[in-house]
Each structure stands twice: as C-alpha cells, then as structure tokens.
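Take a look at the structure set out below.
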Amino acid sequence: MVKLAEWRGKEVFRKYAVPLPRGAVARSPAEARSLVDSAAVPTPCVVKAQVLAGGRGKGGAVRFADTAAQAEEATRAILGMEFKGEKVKEVLLEEKLPIARELYVSLTLDRSLRLPILMVSAQGGVEIESVAEGGLVKIPVHPFIGLAGYERRQAVSALGLSGAAAKSLDRLLSSLWRLFDEEDAELVEINPLAVVGDSLVALDAKVIIEDDASFRHPEYAEVRDDRTPLEEIAREKDIAFVQLDGNIGVIANGAGLTMATLDVLQQSGGRPGVFLDLGGTDDPKKVTEAFLLMAMAKPKAVFLNIFGGVTRCDTVANGLVAAMSQVPEGERFPLVARIRGNNEAEGTQILERAGVASLKGLKESVEKVVALANAGAPLAGPA
Ligand code: GDP
Ligand code: MN
C-alpha cells in the first residue's frame, strides 16, 4: 500500500486535470514566508501539515494566515508538531478559498461486491465514518466500462448540484475514474470537495496506490515510506517480513502458524517483534537469507516454529546451520527451535550436530523463549 501525502496526491490530481487551489510545499518557516512574499501562494492562505493521518483540521494541523509573517508563524507551529505519532516535516500552503458547500467524493474497491465503488455525500468536510448510512450514496462501477454517464448524473443529483457546478462534477468524476484506473489506485478520496462559486475544487486529496501494481508504477517507488529498511530488503528477496515493537523474533511457515505463534507468545507474557514467514520453500538458501535478515533486526531471542510440509524440516535445518556461521558477532541471538513434521528426524539431527536442540512441545518452547527475552540473556547463540 502506497499512501501519498496530500501534496503528492494533488500532483496526481493535477495530471488528470482535477481542479485544485494554487499552492506550494514548504519545509521551513522561512520558505513558507518567501512563497507568500513571491506570490507563489496568494493570501489569505491555508497552511496544512503533510502527514498521512487524517483529522488534521480538528487536530490543529490546518491553520490560516493572512500575511507572509502569519504563514511563517503557522508553519513554525505546525513543523514543530508530532501529529498522531508522525513528525511533521513539510507543510502545504494554499490559497484560502471561500467555501459555499463541502462535499465528499471517493472511489475505492468494495471487497464484498468485488467491484470499484463511487461514494458521494453532501456532508463533506467531516470524517466520512461519522456520516449516517443514509447520507452516503454508493454507486458500484463496472471495472471494464468505467464510470458511465448515468452513474455520474446519479452522483450529481445525489449532491443536489445543477448548472455549471453539475457540469464541473461530471468532468471531475470522469477524471477521477481515469486516475483510479490508470494509476492502479485502491482509494482516491476528496474530502472536502468544495463548491466555490460555480465550480468545484479539491481541497484535500487522499490517494492510495495498490502495492501489487507497483511494477507498473516505478514513479511511486520513492514514496513507499511505510516500510522499514529491513522490510524493504525482505520485499526484494520475496520474504514475508514484518517489524513490530516487541523483542522476540519469530520465524514460522505459513500465515496461520505464524499468527498463532505470535498469539501464543503474547499470551505467555512475551512481546513478539519481528516476524518472518518462510512460506513454502525447498531452497535452504532462502532460509539462510531469512535468518540473516532476522539477525539484522537484532531481536533478544528468536523462536523458530516450523511445521514441515512443503518446507521440509531438513531444508530449514540446513538453511539455519549455513546462516549460523555467517551471522556477525554482534548480531547473534539465543534461539529456541521447534521443528516438526515432514523430515523431522533428519532436521532435528542436523540441528543437534550444530548444537541446537529442537524442542517438541509448543508450551515449553514458548516459555523458554519468553524467559530468554525477558531476562535479556547475553547474545550467546547461535554459534
Ligand atoms: P483533514 O482534516 O486532515 O481531512 O484536512 P482537510 O484538508 O480536509 O482540511 C480540514 C478543513 O480545513 C476542511 O474541511 C476545511 O473546512 C478547511 N479548509 C481547508 N482548505 C480550506 C480553504 O481553502 N478555505 C477554507 N475556508 N477552509 C479550508
Ligand atoms: Mn480532509
């Protein structure tokens, strides 16, 4: 999932001729001041924190300014904020428009209908979750035909628009559909879509690009910033790897076993951190790579919980043993291994020869790894 910050979303809007306020991005108070001084941003203006979380309006992350000095001041205040856990590094300055009405428009995928869906509401400017069911009109869209004329007119009438504003929405919806389709978006949302005189202007932009289409959109590669550097490496190696806050690393195979292992650790007083799903592989090299990646995440202890099926126990054991000699001194961690299933005897033997015992029971393994992590045991194994 590639979530675009508002200003990036608006750049995509511009490409599809969605009407926008005039504006520019600033990364320092002085830059904000000079944008207004040079008239790149007209006054009065709006100064908006560029963070991925919503609710900025209510949270004091959207401010107004009448002069360059006020814009500088507002930028200083906003850049100093941490908004919902995210440091604000840039602001968007835009001309402040006189809003007659605030509307809501979005295109997204409806997973139960398995179709794209257009949603519109006359109650824009508030979080859409707070709008009552009746206040939101949903129009499913045929993915091959696209947003048809009658569907756009249905939206126009649901929003009570006529004349030039109606034409403006019709055009905007065509643009929005093209954007959604051609950019492989999972969500395109405008909230609020403002009625300004006779025309409509997108005051906010929320655009999420579908990850599975990333090969078609190298232009979004640099904004894929919701992944940690290690998650990025894992992705390149095609390893399912997620970093959480805890200190226990989990290596398991299959999403079901991996999730269940996290649950059991949590219930036993452990704090699972990194987890890594080996999936189905018969390549010990991939297992080795996975282990080295785990070591880079510096967990306090690692629980290897494998059920041998497609991924045989001996494959995992061989991959693990190969990895052990390659883990740098400072990145070694205590390991608790439990490998059961296909070729269990061979796998257990390979591990034992390398000095790692494979435990049979889930409970004893979990207790051991939780104790190791909580005790902050010295970085002993694997070695
Ligand atoms: P969000 O709260 O994070 O979704 O941020 P928005 O971009 O939606 O901005 C929040 C609110 O600021 C909007 O609902 C508007 O009421 C207000 N706002 C944003 N831009 C303008 C503008 O150009 N003129 C006026 N009058 N209000 C604006
Ligand atoms: Mn908004």
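First listed ligand is number 1; within each ligand, the first listed atom is number 1. All values derive from a computational prediction rather than experimental measurement. Along the sequence shown, residues are numbered consecutively beginning with 1. We use all heavy atoms of the structure for the numbers below, so side chains are in, but hydrogens, waters and symmetry mates are not.
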Smallest separation among heavy atoms of Glu90 and Val25, with atom names: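 What the structure gives for the nearest pair is CB-CG1, 4.0 Å.
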Identified side chain to side chain contact (heavy atoms under 4.5 Å, CB included) partner of Leu193 from the options Asp204, Val201, Leu172: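 Between Leu193 and the candidates, side chain to side chain contact (heavy atoms under 4.5 Å, CB included) is satisfied uniquely by Leu172.
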Residue part near ligand 1, for Glu102, under 4.0 Å between non-hydrogen atoms: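 Answer for Glu102: side chain.
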Sub-4.0 Å heavy-atom contact, Lys206 with ligand 1: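 Heavy atoms of Lys206 never come under 4.0 Å of ligand 1.
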Non-hydrogen atom of Gly55 closer than 4.0 Å to ligand 1: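 Yes, that is the case, since the closest heavy atom of the residue is under 4.0 Å from the ligand.
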Which of the atoms of ligand 1 are close to [X], meaning less than 4.0 Å from one of its heavy atoms?
| X | result |
| --- | --- |
| Leu203 | 20 (N), 21 (C), 22 (C) |
| Glu95 | 23 (O) |
| Lys48 | 6 (P), 7 (O) |
| Gly125 | 14 (O) |
| Phe64 | 27 (N), 28 (C) |

Val62, any N or O under 3.5 Å of ligand 1 N or O: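 No, no N or O pair falls under 3.5 Å.
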Min N/O separation Asn191 to ligand 1 under 3.5 Å: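 Checking ligand 1 against Asn191, an N or O pair does fall under 3.5 Å apart.
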Residue, atom name and distance, where the atom is the protein heavy atom closest to [atom]:
| atom | result |
| --- | --- |
| atom 2 (O) of ligand 1 | Gly57 N, 2.9 Å |
| atom 4 (O) of ligand 1 | Asp204 OD2, 3.1 Å |
| atom 24 (N) of ligand 1 | Leu97 O, 3.1 Å |
| atom 1 (P) of ligand 1 | Arg56 N, 3.6 Å |

Trace of the salt bridge (Lys or Arg N to Asp or Glu O under 4.0 Å) decision for Glu346 with Arg312: CA-CA 10 Å; Glu346 290 90 329; Arg312 302 184 327 254; over 6 Å; no
Between [X] and [Y], is any pair of side-chain heavy atoms under 4.5 Å apart?
| X | Y | value |
| --- | --- | --- |
| Phe64 | Gln70 | no |
| Pro299 | Ile248 | no |
| Val188 | Phe13 | yes |

Salt-bridge criterion met for [X] and [Y] (N-O under 4.0 Å):
| X | Y | answer |
| --- | --- | --- |
| Asp110 | Lys138 | no |
| Glu289 | Lys285 | no |
| Glu11 | Lys15 | no |
| Lys368 | Glu364 | no |
| Arg8 | Glu219 | no |

Of the N, O or S atoms in Asp204, the one nearest the Mn ion (ligand 2):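 The Asp204 atom nearest to the Mn ion (ligand 2), restricting to N, O or S, is OD2.
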Sub-4.0 Å protein heavy atom near atom 11 (C) of ligand 1: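 Protein heavy atom within 4.0 Å of atom 11 (C) of ligand 1: absent.
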Winner among Leu52, Val47, Ile99 once heavy atoms are compared against atom 28 (C) of ligand 1: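 Among Leu52, Val47, Ile99, the closest heavy atom to atom 28 (C) of ligand 1 belongs to Ile99.
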